[in-house]
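Reviewing the structure listed below.
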Protein chains: 2
Amino acid sequence: MTRPRMENSADEIAASLAHAIHEHRLAPGSKLSEDEVGEIFGVSRTVVRAALQRLSHSRLVELKRNHGAFVAQPSLREAREVFEARALLEPRTARSAAERITQADITILERHIADEHEALDKGLTGRALYLSGQFHVEIARIADQATVAEFITQLVARSSLVIALYWQRRAALCESHAHHALLRALAARDGARAEDLMKEHLVTLMTSLDLRGRNAVPTSLREALRG
Amino acid sequence: MTRPRMENSADEIAASLAHAIHEHRLAPGSKLSEDEVGEIFGVSRTVVRAALQRLSHSRLVELKRNHGAFVAQPSLREAREVFEARALLEPRTARSAAERITQADITILERHIADEHEALDKGLTGRALYLSGQFHVEIARIADQATVAEFITQLVARSSLVIALYWQRRAALCESHAHHALLRALAARDGARAEDLMKEHLVTLMTSLDLRGRNAVPTSLREALRG
DNA sequence: GAACACATGATTGTATACAACTTTGGATGA
DNA sequence: TCATCCAAAGTTGTATACAATCATGTGTTC
C-alpha cells in the first residue's frame with residue numbers, strides 16, 4: 001500500500017467503518033479481521049483494535065473474545081429497545097430544535113432532504129438511508145444538546161443495523177414525507193407540532209419493521225444453526 | 001509483580017477506575033499515566049490503553065493527544081446537559097419500572113437505601129454517593145430496558161464528576177428521602193407518581209448544584225491558569 | 001537581565017514479536 | 001464407517017521496542 005500518508009488515526013478508521021455499516025455496505029454479522037482492516041487502511045493491528053473497540057462501545061460491532069470483531073446483529077429485543085430509547089429522546093429534542101433553529105439550519109435540513117431524494121432516485125438506497133439518519137442527528141445538533149445528540153447519533157446508527165435485519169419491504173416513501181413535515185414544523189418554530197411529528201415518525205418507522213418474531217435472516221451461517 | 005494471576009482484562013481495569021472516579025477517590029483532572037496504571041494492575045500499557053479508551057468513550061476520562069489521559073472535568077455546559085439528558089430518560093424509565101417491579105427488586109432497592117445510610121453514618125461519603133447513583137441504575141435495570149439503562153449508567157457516573165466539581169454544600173439529606181419516596185411509589189406500582197417523583201428528584205439534584213458560573217475549583221493547577 | 005534556540009527527559013503513538021486460544025483437517029483406532 | 005485425538009494453521013491477546021511529540025531547563029546571544 002502506498003497511500004499518500006493519510007492521517008489514519010483510529011478515529012478515522014472507526015468513522016469509516018461506521019459509515020460503511022450505516023450505508024449497508026457492511027452487512028450485520030460480517031467479520032472484521034484485524035489484519036484485513038489493517039491492510040486496507042495501511043496501519044497496524046494496534047490502531048485497528050482501537051477503532052474496533054470504539055465501535056464495540058457504540059454497539060455497532062460485537063467483539064467476541066478470541067474470535068474477533070463482527071458487525072453487530074441486534075436481537076429483536078435490542079431492536080425494540082433502540083427505538084424505545086429514540087422515542088424517549090427525539091421528540092423533546094425536536095421541540096428544543098424548533099425553539100432554536102436558524103435560517104442556516106433550515107437550509108442545511110432542506111439540503112439533507114434534497115440529497116436524500118437524489119440518492120433514492122439514483123438507486124443508492126444505502127446512501128439514502130444514511131442521509132435519512134443524518135437528518136435526525138442534525139436535528140439533535142440544532143437542539144444544541146451535545147450529550148443527547150451523541151446518544152441519538154449512536155441510536156440512529158444502530159437503527160441502520162436494525163433496518164438491515166428487520167426491514168419489511170415497502171415504505172421508504174413515507175420517510176421523506178415525514179421529514180418534510182418535520183422540517184415545516186421546525187421552520188415555523190412550532191415546537192409542540194415538531195414533537196408530535198417526531199413521535200409519530202418514530203412509531204411509523206418502528207411499525208415498518210417486523211419486530212414480532214422469527215424471520216430475520218441471519219447472515220452468519222454458523223450463528224444461524226446455533227440459535 | 002507477583003499477583004496471584006488475576007484475570008485483569010481491560011474491562012476490569014476500566015471498571016475499577018470508573019468505580020474510583022464514581023466514589024471520588026480519583027478527582028476530576030487527575031492524570032492517569034499509562035505506566036503508572038499498568039504497574040498498579042500488573043499489566044502492560046497495551047491493556048491500560050484499551051481501558052482508558054473505553055472510559056474516554058464514556059466521557060469519564062479525557063484523552064489529550066500526546067498528553068495522556070485525565071479524569072474528565074465536565075464543563076458547566078456539559079454538566080447541565082448531563083442532567084437534562086437524565087431528565088429525558090429517567091422519569092419515563094421509573095414509570096416502566098413501577099409497572100414491572102417484583103418483590104425481589106423491592107428488596108434490592110431497600111438494601112441499597114440501607115447501605116447508603118450506613119455509608120453516610122460511617123462518613124464514607126464517596127461510597128454513599130456511589131450507592132446513591134446505583135439506585136438510579138437499578139431502577140433502569142428493573143425497567144428492563146438495557147439500552148436506556150446503559151445510557152443512564154453512563155450519565156450517573158458523569159453526574160458524579162459534576163457533583164465533584166459543582167457541589168454546593170449541604171443537601172445529601174433530601175437525597176435519601178427522595179429515594180425512599182420513589183421506592184414507595186415503585187412498590188405501590190404507581191407509575192405516574194414514580195415518574196413525577198423522579199422528575200422532581202432530578203430537579204432537586206440539579207438545583208443543589210451551582211451551575212451558574214465560575215466557581216468550580218480546578219484540580220489541575222496548570223489547567224487552572226490556562227482557562 | 002530577557003528572549004530565543006536547542007538539548008534533554010518523559011510520555012504517548014505505533015509497529016512488531018511472541019504467547020494463548022480456537023478451529024480445522026487428517027490420522028488412528030475401534 | 002464412525003468417533004476420538006492430535007497436530008497444524010490461523011486469529012486474537014499481550015508485551016515490548018522504537019518513533020514521534022511535548023515539556024522542561026540550560027546556555028547563548030543581544
Side-chain angles (χ1 to χ4, degrees), chain A residues 1-17 26 29-57 60-72 218-227, chain B residues 1-17 26 29-57 60-72 218-227:
Chain A
M1 271 280 157
T2 53
R3 292 174 171 249
R5 180 131 298 289
M6 270 203 214
E7 264 294 332
N8 262 327
S9 84
D11 274 319
E12 297 177 52
I13 294 174
S16 180
L17 289 173
L26 275 172
S30 304
K31 174 91 194 272
L32 298 174
S33 152
E34 295 180 356
D35 274 327
E36 199 175 348
V37 175
E39 203 169 344
I40 290 169
F41 288 97
V43 296
S44 77
R45 283 178 48 218
T46 309
V47 180
V48 174
R49 281 178 75 81
L52 291 175
Q53 277 181 356
R54 219 155 299 187
L55 292 172
S56 149
H57 200 280
L60 291 183
V61 157
E62 196 178 345
L63 294 180
K64 299 185 184 173
R65 190 173 170 99
N66 287 318
H67 285 255
F70 301 82
V71 177
T219 51
S220 160
L221 302 318
R222 186 163 297 279
E223 290 290 322
L225 307 176
R226 294 235 173 119
Chain B
M1 270 280 156
T2 52
R3 293 174 169 249
R5 179 130 296 292
M6 271 203 213
E7 266 292 333
N8 261 325
S9 87
D11 273 320
E12 297 177 54
I13 293 173
S16 179
L17 288 173
L26 275 172
S30 305
K31 176 90 194 273
L32 298 173
S33 152
E34 296 179 356
D35 274 327
E36 199 176 347
V37 176
E39 202 169 343
I40 290 168
F41 289 97
V43 297
S44 77
R45 283 177 49 216
T46 308
V47 180
V48 174
R49 282 178 74 82
L52 291 176
Q53 278 180 357
R54 218 156 300 188
L55 292 172
S56 149
H57 201 282
L60 290 184
V61 157
E62 194 177 346
L63 295 179
K64 299 185 185 174
R65 189 173 171 98
N66 287 320
H67 285 255
F70 302 81
V71 177
T219 50
S220 160
L221 302 317
R222 187 162 297 277
E223 293 288 323
L225 307 175
R226 293 237 173 118

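Order of the sequence lines fixes the chain letters, A, B, ..., with proteins taken first and strands second; residue numbering starts at 1 for each chain.
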Identify each atom pair where a protein N or O and an N or O of nucleotides 7-13 of chain D are less than 3.5 Å apart, giving names and distance.
{"unit_1": "D/dT12", "atom_1": "O3'", "unit_2": "A/N66", "atom_2": "N", "d": "3.4"}
{"unit_1": "D/dG13", "atom_1": "OP1", "unit_2": "A/N66", "atom_2": "N", "d": "3.4"}
{"unit_1": "D/dG13", "atom_1": "OP2", "unit_2": "A/R49", "atom_2": "NH1", "d": "2.5"}
{"unit_1": "D/dG13", "atom_1": "OP2", "unit_2": "A/R49", "atom_2": "NH2", "d": "2.8"}
{"unit_1": "D/dG13", "atom_1": "N7", "unit_2": "A/R45", "atom_2": "NH2", "d": "3.0"}
{"unit_1": "D/dG13", "atom_1": "O6", "unit_2": "A/R45", "atom_2": "NH1", "d": "3.2"}

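- The side chain to side chain contact (heavy atoms under 4.5 Å, CB included) test applied to B/A69 returns B/L32, B/L52, B/V61, B/L63, not counting sequence neighbours.
- For A/Q53, the side chain to side chain donor-acceptor pair (under 3.5 Å) test picks out no residue, with sequence neighbours left out.
- Here the NE2 atom belonging to B/H57 is positioned 8.0 Å from the CG atom belonging to A/L55, to the nearest 0.5 angstrom.
- Listed pair A/S44 / C/dA15 meets the phosphate criterion, a side-chain N or O lying under 4.0 Å from OP1 or OP2.
- Regarding B/F41, its CZ atom lies at a distance of 14 Å from the P atom of D/dA15, rounded to whole Å.
- Take A/S16 and apply the side chain to side chain contact (heavy atoms under 4.5 Å, CB included) test, not counting sequence neighbours, and it matches A/F41.
- Applying the salt bridge (charged side-chain N to carboxylate O under 4.0 Å, His left out) criterion to A/E62, with sequence neighbours excluded, gives no partner residue.
- One interatomic measurement links the two molecules: CD of B/E36 to C1' of C/dA10, which rounds to 13 Å at whole-angstrom precision.
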